[in-house]
Amino acid sequence: MRMKDDHMKNGQLKAGYNVQIATQNQFIVGYGLYQRPGDTRCFQPFMEKLMASLPTVPKQVVADAGYASEENYLFAIGEEKEPRFELLAPYNTYLKEQTRKYKKDISKVQNWTYLEEDDIFICPNNRKVAFKRYSKRKNSIGYLQDFKIYECEDCSDCPMKSLCTKAKGNRQVHWNPTYEEMKAKAKTALNDEQKAAIYAKRKVDVESVFGNIKGNLSFNRFLLRGLEKVQTELGIVAMAHNLLKLAGFRLANFRIKEKERIGKPKTFSFIRSFLGLFGQPLFLNYLYNHRKTCTVAQCLHENGYLNLTYIFLTKETTLLIRNGVGLASLVFSTTFLCGSSYKTFIIHNYETFNQSII
């Protein structure tokens with residue numbers, strides 16, 4: 001598909017997919033792959049797939065401006081005017097409308113006075129811009145939109161014409177009532193303090209997931225070809241991200257409980273620092289070359305302190321045993337978790353220890 005422009009402003013046709021994910025508390029709850037460069041056209045098929053897979057439909061969906069369009073707002077409302085969910089997504093000019101420059105721009109119809117009873121606009125020069133006709137037009141993705149065409153009564157001797165329009169004749173206004181209504185509702189929602197706080201969490205919730213997968217886990221490109229195979233590969237990546245996230249939460253919770261139970265002994269202070277090194281590619285390489293260290297980690301686990309044990313079988317395989325979270329029977333492999341030195345990450349049947357780490 002056609003990729004976005006790079007820093008040299010060169011839009012290029014490249015082999016690639018548009019990855020869509022839905023997250024909650026930085027856990028991936030749904031994913032999809034599409035051969036469409038824009039997010040707008042991916043929203044509806046992705047949400048239909050997501051709603052079919054989730055036990056309940058979410059009450060709110062938070063998205064960035066790339067998903068805000070008339071068709072997507074209407075999709076959220078539903079055909080029977082019973083909202084499927086509330087779409088918190090700013091339209092493309094939402095931020096610009098907050099600026100002083102935009103509010104003082106006399107060419108913007110949003111800054112004009114509208115008389116609903118007469119269905120006319122009053123331009124900055126106090127002239128009437130009256131309704132003329134209806135019009136239908138398809139947008140760039142083929143969606144049919146309804147417009148109302150307004151035209152000023154006379155712009156010939158207007159001193160503000162150069163600031164208002166570049167047209168040779170009278171100024172025309174192409175007004176989309178449906179989209180403008182959707183924009184007004186979105187603006188009201190985003191100006192609400194509580195909903196604005198929810199929208200502000202979007203970049204923390206979903207962008208950090210992409211950052212973790214691409215940055216921390218070094219998964220920058222797909223290794224397979226074909227939509228079906230790449231979807232499977234993305235599913236493995238999403239599952240691995242969730243498992244690591246879950247393991248991190250459980251480990252942090254266990255540390256808190258252990259601290260409350262036994263205090264903060266100086267004897268085990270080195271163990272906490274040692275555990276923080278796990279997962280680092282260079283440290284994994286060190287452990288492989290110094291296998292006795294792995295034996296020490298196992299012994300600590302048997303004594304009931306550590307709940308995350310790494311056993312290194314070969315340079316190509318890593319076995320992670322996670323106790324108490326029901327992961328011992330799950331088998332999968334992927335290609336990014338341990339950097340360049342370790343290519344495969346496997347969880348499979350293993351007799352784990354009995355202590356709980358809930």
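Along the sequence shown, residues carry numbers from 1. Predicted model, so just to flag it, every value in this text is computed and none were measured. Below, all heavy atoms of this structure are taken into account, side chains as well, without hydrogens, waters or symmetry copies.
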Rounded at 0.5 Å granularity, tell me how far [atom1] in [X] sits from [atom2] in [Y].
{"X": "N220", "Y": "L217", "atom1": "CG", "atom2": "CG", "result": "10.0 Å"}
{"X": "Q20", "Y": "F43", "atom1": "CD", "atom2": "CZ", "result": "9.5 Å"}
{"X": "E181", "Y": "I77", "atom1": "CD", "atom2": "CD1", "result": "7.0 Å"}
{"X": "M182", "Y": "Y179", "atom1": "CE", "atom2": "OH", "result": "11.0 Å"}
{"X": "E153", "Y": "I120", "atom1": "CD", "atom2": "CD1", "result": "8.5 Å"}
{"X": "Q110", "Y": "D105", "atom1": "CD", "atom2": "CG", "result": "10.0 Å"}

Between [X] and [Y] (side chain of the first, backbone of the second, donor and acceptor by atom type, cut-off under 3.5 Å), is there such a pair?
{"X": "D205", "Y": "Q26", "answer": "yes"}
{"X": "Y73", "Y": "A89", "answer": "yes"}
{"X": "N111", "Y": "I106", "answer": "no"}
{"X": "T232", "Y": "E228", "answer": "yes"}
{"X": "Y67", "Y": "C42", "answer": "no"}
{"X": "K161", "Y": "G169", "answer": "yes"}
{"X": "D192", "Y": "Q194", "answer": "yes"}
{"X": "R171", "Y": "C152", "answer": "no"}
{"X": "E233", "Y": "L223", "answer": "yes"}

Ring of [Y], cation from [X] - is the NZ or CZ under 6.0 Å from the centre and inside 45° of the axis?
{"X": "R84", "Y": "F75", "result": "yes"}
{"X": "K183", "Y": "Y91", "result": "yes"}
{"X": "K49", "Y": "Y31", "result": "yes"}

[X] and [Y] ion-paired at < 4.0 Å:
{"X": "R127", "Y": "D157", "result": "yes"}
{"X": "K148", "Y": "D119", "result": "yes"}
{"X": "E258", "Y": "R255", "result": "no"}
{"X": "E97", "Y": "K103", "result": "no"}

With a 4.5 Å limit on heavy-atom distance, are the side chains of [X] and [Y] in contact?
{"X": "Q35", "Y": "Y17", "result": "yes"}
{"X": "L115", "Y": "E117", "result": "no"}
{"X": "I21", "Y": "V209", "result": "yes"}
{"X": "P159", "Y": "N125", "result": "yes"}
{"X": "Y102", "Y": "T99", "result": "yes"}
{"X": "L244", "Y": "L246", "result": "no"}
{"X": "P177", "Y": "F147", "result": "no"}
{"X": "V237", "Y": "H241", "result": "no"}

Check against side chain to side chain contact (heavy atoms under 4.5 Å, CB included), Y143 and K138: CA-CA 5 Å; Y143 180 77; K138 289 185 178 181; over 6 Å; no
Assigning hydrophobic clusters by single linkage (Ile, Leu, Val, Met, Phe, Trp, Tyr; side-chain heavy-atom cutoff under 4.5 Å), is I198 placed with V57? yes
Could you see if F210 belongs to whatever hydrophobic cluster contains L33? Use Ile, Leu, Val, Met, Phe, Trp, Tyr and a side-chain cutoff under 4.5 Å. yes
Determine the minimum heavy-atom distance between [X] and [Y], stating which atoms define it.
{"X": "C164", "Y": "S107", "value": "O-CB, 3.5 Å"}
{"X": "I141", "Y": "R41", "value": "CG2-CD, 3.4 Å"}
{"X": "M47", "Y": "V61", "value": "CE-CG2, 3.7 Å"}
{"X": "N170", "Y": "C155", "value": "OD1-N, 3.0 Å"}
{"X": "P124", "Y": "M160", "value": "CB-SD, 3.9 Å"}

More than 12 heavy atoms of other groups within 6.0 Å of E207 CD: yes
Any chance you could lay out the side chain to side chain contact (heavy atoms under 4.5 Å, CB included) test for V230 and R225, step after step, and finish with the verdict? CA-CA 6 Å; V230 175; R225 293 184 180 182; 5.9 Å; no
Take D146 and R137 through the test salt bridge (Lys or Arg N to Asp or Glu O under 4.0 Å) and record every step on the way to the result. CA-CA 7 Å; D146 295 322; R137 187 169 66 226; over 6 Å; no
Please lay out, stage by stage, how E71 and Q44 fare under the test side chain to side chain donor-acceptor pair (under 3.5 Å). CA-CA 9 Å; E71 55 270 32; Q44 293 187 31; 6.0 Å; no
I'd like to know if the side chain of [X] pairs up with that of [Y] as donor and acceptor (distance under 3.5 Å, no hydrogens or angles considered).
{"X": "S69", "Y": "N72", "value": "yes"}
{"X": "D39", "Y": "N18", "value": "yes"}
{"X": "E70", "Y": "Q145", "value": "yes"}

Audit row: F254, K257, side chain to side chain contact (heavy atoms under 4.5 Å, CB included) steps and yes/no: CA-CA 5 Å; F254 172 75; K257 290 186 177 181; 5.6 Å; no
Kindly say whether the aromatic ring centers of F27 and F249 come within a distance under 6.0 Å. yes
Co-members of the apolar cluster containing Y114 [side chain, <4.5 Å]: V109, W112, F121, V129, F131, Y134, Y150, V173, W175
May I have the step-by-step check of side chain to side chain contact (heavy atoms under 4.5 Å, CB included) for K96 and K101, ending in yes or no? CA-CA 8 Å; K96 287 184 179 181; K101 180 180 178 181; over 6 Å; no
Taking side chain to side chain contact (heavy atoms under 4.5 Å, CB included) as the test, write out the residues that go with N126, two or more places apart. I122
